[in-house]
Protein chains: 2
Amino acid sequence: MYPIRNNIMSNIELNDKKIQILEVAEKLFSEKGFEGTSIRDISKHAKINIAMVSYYFGSKERLLEALIIYKTSDLKLQLENLLLENLEPLDKVNKLIEIYINRISCNKGIFRVLHFEINAKKREKSFIAFTELKKGNLKSVESIIAQGQAKGVFRKDVIIPLITPTIIGTFFHFHMNKPFFEELLNLKTEAMYNDYIKNSLTKHIQQTIKALLVYEN
Amino acid sequence: MYPIRNNIMSNIELNDKKIQILEVAEKLFSEKGFEGTSIRDISKHAKINIAMVSYYFGSKERLLEALIIYKTSDLKLQLENLLLENLEPLDKVNKLIEIYINRISCNKGIFRVLHFEINAKKREKSFIAFTELKKGNLKSVESIIAQGQAKGVFRKDVIIPLITPTIIGTFFHFHMNKPFFEELLNLKTEAMYNDYIKNSLTKHIQQTIKALLVYEN
DNA sequence: GTTTAAATTAAACAGTCGTTTAATTTTATT
DNA sequence: AATAAAATTAAACGACTGTTTAATTTAAAC
């Protein structure tokens, strides 16, 4: 018999096979985009039958939905925990940046898809889930910066909703031009590339945001 | 007879019809991605026969190449002119940011495609052209910042290749999340959205880069 | 007006796409 | 071991893909 392919089933109950499919899908989507990846590609790389994707997720579109939820569900939690930590405002901001970069760095594939496939088309369900994630993130950032402003450490004329674009945007632009920067900065191996992100790029972003928040004209 | 469909013809000789096709292609590529846009889509919107795209450009891939060259050729010139201007280093940086934002803002569509289609696949020809553009841009930025450092206005420990990611990345991340920020910042019309970019967002980026270049620990 | 080249067209090409089908095998339950 | 559910399969579906074809119309040259 065929299972009822509703959202509850396809999104929450994730068995090993489903996760295997999601991992392959993420890899291929990030390499070739959503439209550029066929279900036949996915099933070939995941070594399953073509029909299994539809069987498990219902459709390619719903596979994307499941992928988004699967990959973004714990970032929110991580940020909420950061809020409760007892840190100086600047340290908190630095840690926020680290969380962002680490989180996105580990999920480069899906974030690429998120930004360039979701917003483009009218993928309603996926879009709403993504918007909620962003709203939650913004609240966390607002809260952290408000703490620093209350302590008189941060200036008060920064436009807070534009902080996240600077953090994530810088990282993303770097990553989207990976081949360019690999050549320019002589990052010959994948390890060197990841090291550069973890050290130099993260530092640059932290330095940038610190300067923006602290600098007085 | 059929014209020789070589690069010289398809890239340089741009008649009205070709430009019309390129404009439509940019619009659709930016909305639905390269893979997500069919030649039938393009020909329908451009009100031409399907075969005309192949006739003029040779293939869909070569259409993309032509589009990139068509849309990026004058940015390089604009930056080289900026170098020659007699301005204070900080004013020069601010103007650089304005040029970047204005230039990309007017060509949002193609830059979206550039970042997410080019780097993903092995579109060699397009990729090389794009890499050359970025190298030239970096040289301009290096030169401007070196001027400021020589005058003792800018600090000397900034990683210059990461300046551009911060400028363009911030703008891009904002634009990629257009629907999100439209709702968040209450930008009800297209004019209000563009105004926000021209004023608030540009100011934010200028303020950020200034702080980064000038701020002393 | 005739000739030659360019532009434009409808139709067909061979593939690929996402999805569904019905049959079969595997697994779990009793 | 028998029964029921779930997983897996190969095959087919119609729709769409980029590209090419050969025929026709339009424009330019002489």
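Just so we're clear, the structure is a prediction, and the values are computed from it rather than from any experiment. So you know, we letter chains A, B, ... as the sequences are listed, proteins then strands, and number each from 1. What you see below is based on every heavy atom in this structure, not just the backbone, and it leaves out hydrogens, waters and symmetry mates.
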Exercise for the section: Grab the CD-P distance between Glu35(B) and dC16(D) for me, whole Å please. Expected result: 18 Å
Completion exercise
Residues passing the ring-ring contact (aromatic ring centres under 6.0 Å, His included) test with Phe181(B), sequence neighbours excluded, are Phe174(B)
Exercise for the section: Could you tell me the separation between the CG atom of Asp41(A) and the P atom of dG15(C), rounded to a whole number of Å? Expected result: 17 Å
Problem - Nearest to side-chain heavy atoms of Ile39(B), which nucleotide of dT19(C), dC17(C), dG18(D) - result: dG18(D)
Exercise for the section: Rounded to the nearest angstrom, tell me the gap between atom CZ in Arg62(A) and atom P in dG18(C). Expected result: 16 Å
Handout entry: Of the listed nucleotides dA12(D), dA7(C), dA7(D), the one nearest the side chain of Arg40(A)
Key = dA12(D)
Handout entry: Distance test, side-chain N/O of Ser38(A) to OP1/OP2 of dC17(C), below 4.0 Å
Key = yes
Problem - Note: Lys135(B)-Glu183(A) ion pair, threshold 4.0 Å (strictly below) - result: yes
Completion exercise
Taken to the nearest whole Å, CG/Leu64(A) to P/dG18(C) is 13 Å
Handout entry: Tyr55(B) side-chain N/O to dT8(C) phosphate OP1/OP2 under 4.0 Å
Key = no
Problem - Touch class at under 4.0 angstrom, heavy-atom based, for Ser43(B) against every strand present - result: nothing
Practice task
Would you please name every residue forming a ring-ring contact (aromatic ring centres under 6.0 Å, His included) with His175(B), sequence neighbours left out?
Solution key: none
Practice task
Check whether NZ of the Lys or CZ of the Arg Lys17(B) lies under 6.0 Å from the centre of the six-membered ring of Tyr56(B) and within 45 degrees of that ring's axis.
Solution key: no
Practice task
Send over the distance from Lys44(A) NZ to dT9(D) P, rounded to a whole Å.
Solution key: 15 Å
Problem - Minimum-distance nucleotide to Ile50(B) side chain [options: dT19(D), dA7(C), dG18(C)] - result: dT19(D)
Problem - Whole-Å gap separating P (dC17(C)) and NZ (Lys60(A)) - result: 8 Å
Exercise for the section: Check whether any side-chain nitrogen or oxygen of Asn49(B) sits under 4.0 Å from OP1 or OP2 of dA10(C), and answer yes or no. Expected result: yes
Exercise for the section: Report the residue (Lys17(B) or Ala51(A)) whose heavy-atom-nearest nucleotide on DNA chain C is the more 5′ of the two. Expected result: Lys17(B)
Handout entry: Whole angstrom value for the distance that separates P of dG18(D) from CD of Glu61(B)
Key = 11 Å
Exercise for the section: Starting at atom CE of Met52(A), determine the distance to atom C1' of dT19(C), rounded to an integer number of angstrom. Expected result: 15 Å
Problem - Heavy-atom check, side chain of Met192(A) versus side chain of Leu185(A), under 4.5 Å - result: no
